[in-house]
Amino acid sequence: MVTEVDSSHPNGSDIASLSPLIQLQFVSTTVLQQALDLVENILTSDDQLTAQSKFLPGSTIGKHLRHARDHFTLLIECVSGPAPHIFSYDTRIRNTPMENNLSEAREALKQVISRVEEVVPTANLDLPLTLNAVTPFMQTFETTFGRELWFAGLHAVHHWSMVRVIAGELDIKLNDDFGFAPSTLVYKGSEALLGKAKI
């Protein structure tokens, strides 16, 4: 029987007793929930999604949210389809409504969280995937669903750290754990949800 994990689970130490797949689901939904909290409770206008960073040229909060969300979407859609499971993170739809509209961003993030919660519990951690990448040379890598789900979470945290920089430029205060890798939070003994795991 698969145990479902609520992304607002209060006790990180309980997560350690769950299967690796469900642990990855927990991390994924927690990281995505941070973005959802940002657009639901912290940002107050669409303009904040589209404000251009002075320090990260071409960057906006909306672009980072969309890009990180895309990685989860591409991965989940790949494993939801029939074999062979071949995908590329370079498949992107730019200038989507979630980049410049809080309501659209909220719905897009809710949708991907729902898909993660729906697909991951019945997936195989070791399901073989083929990843095509532009490096800028075309490369093909053999990987697994578990490895890519881990990567999608870490990749999102990396983009949340850039969102933190832009938010600082706009005098927007974020939660202390937003944009920090789980390993950093654990090392610091943070009381944040992703900092409570034991390593």
Side-chain angles (χ1 to χ4, degrees), residues 7-8 27-78 87-117 131-139 141 148-185 187-188 190 192-195:
S7 63
S8 63
V27 172
S28 297
T29 55
T30 300
V31 168
L32 287 165
Q33 188 64 46
Q34 289 179 327
L36 181 58
D37 182 60
L38 174 72
V39 299
E40 283 189 324
N41 302 313
I42 298 173
L43 300 183
T44 56
S45 75
D46 293 343
D47 290 345
Q48 292 170 320
L49 286 174
T50 59
Q52 295 280 329
S53 171
K54 296 180 186 75
F55 301 121
L56 304 168
S59 286
T60 68
I61 290 175
K63 287 179 182 178
H64 286 292
L65 295 178
R66 187 268 309 154
H67 175 70
R69 188 281 319 247
D70 282 357
H71 274 51
F72 282 102
T73 300
L74 290 165
L75 176 61
I76 293 299
E77 293 313 309
C78 173
F87 76 114
S88 172
Y89 292 122
D90 298 310
T91 303
R92 296 181 191 158
I93 303 171
R94 299 176 195 273
N95 302 313
T96 60
M98 77 168 289
E99 290 184 26
N100 53 40
N101 182 283
L102 287 173
S103 178
E104 294 283 351
R106 185 180 309 115
E107 289 310 308
L109 290 163
K110 284 181 179 178
Q111 183 179 49
V112 75
I113 290 169
S114 176
R115 289 292 287 151
V116 167
E117 292 172 341
L131 173 64
N132 293 320
V134 178
T135 66
F137 308 103
M138 277 303 301
Q139 303 281 348
F141 303 98
E148 296 308 316
L149 188 58
W150 166 81
F151 170 72
L154 193 64
H155 174 260
V157 169
H158 167 71
H159 282 277
W160 294 179
S161 69
M162 289 183 272
V163 167
R164 176 176 281 285
V165 170
I166 302 168
E169 293 179 53
L170 301 174
D171 293 321
I172 299 168
K173 174 93 171 95
L174 302 181
N175 294 334
D176 291 342
D177 61 331
F178 190 95
F180 285 92
S183 58
T184 301
L185 296 173
Y187 175 76
K188 291 182 172 184
S190 170
L193 200 56
L194 293 180

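Because the structure is predicted, anything quoted here is derived from the model rather than measured. One is the number of the first residue; the rest follow in order along the sequence.
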Practice problem: Go through the steps to decide whether Ile76 and Val112 satisfy the test side chain to side chain contact (heavy atoms under 4.5 Å, CB included), and finish with yes or no. | Solution: CA-CA 9 Å; Ile76 293 299; Val112 75; 5.6 Å; no

Quiz item: Going through the checks in order, is the side chain to side chain contact (heavy atoms under 4.5 Å, CB included) test met by Thr50 and Ile61?
Solution: CA-CA 7 Å; Thr50 59; Ile61 290 175; over 6 Å; no

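The shortest side-chain heavy-atom distance between Asn175 and Gln34 does not fall under the 4.5 Å cut-off.
Between the side chain of Thr60 and the backbone N or O of Leu49, at least one donor-acceptor pair lies under 3.5 Å. Looking at Trp160, its side chain never comes within 3.5 Å of a backbone N or O of Ala68 through a donor-acceptor pair. A side-chain donor-acceptor contact under 3.5 Å links Lys63 to the backbone of Gly58.
Atom CG of Asp90 has more than 12 neighbouring heavy atoms from other residues, nucleotides or ligands inside a 6.0 Å radius. When the shell of 6.0 Å around CD of Gln111 is examined, it contains 12 or fewer heavy atoms from other residues, nucleotides or ligands.
Shown here are the side chain to side chain contact (heavy atoms under 4.5 Å, CB included) partners of Thr135, two or more places apart in sequence or in another chain: Ala133, Phe137, Gln139. Shown here are the ring pair (Phe, Tyr, Trp, His ring centres under 6.0 Å) partners of Tyr89, two or more places apart in sequence or in another chain: His71, Phe87, Phe151. Applying the side chain to side chain donor-acceptor pair (under 3.5 Å) test to Glu77 and every residue at least two apart in sequence or in another chain returns Arg115. Take Asn132 and apply the side chain to side chain donor-acceptor pair (under 3.5 Å) test, not counting sequence neighbours, and it matches Thr140. The side chain to side chain contact (heavy atoms under 4.5 Å, CB included) test applied to Ala152 returns Phe72, not counting sequence neighbours.
Here salt bridge (Lys or Arg N to Asp or Glu O under 4.0 Å) pairs that include residues 31-53, with residues two or more places apart or in two chains, are Glu40-Lys110. Each ring-ring contact (aromatic ring centres under 6.0 Å, His included) pair with one or both residues in residues 29-64, not counting sequence neighbours, appears once here: His64-His159. Residue pairs satisfying the side chain to side chain donor-acceptor pair (under 3.5 Å) criterion with at least one member in residues 98-108, sequence neighbours excluded, are listed as follows: Arg66-Glu99.
Listed here is the closest heavy atom pair of Leu109 and Arg69: CD2-CG, 4.2 Å. The two residues Val31 and Ala156 make their nearest non-hydrogen contact at CG1-CB, 3.6 Å. Taking both residues in full, the closest heavy atoms of Ser88 and Leu131 are given as CA-CD1, 4.1 Å, listed atom of the first, atom of the second, then distance. Val116 and Ser28 get closest at one heavy-atom pair: CG1-CB, 4.2 Å.
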Output side-chain donor-acceptor pairs under 3.5 Å for residues 166-173, partner residues at least two apart or in another chain, one line each.
unit_1, atom_1, unit_2, atom_2, d
Glu169, OE1, Lys54, N, 2.7
Glu169, OE2, Ser53, OG, 2.6

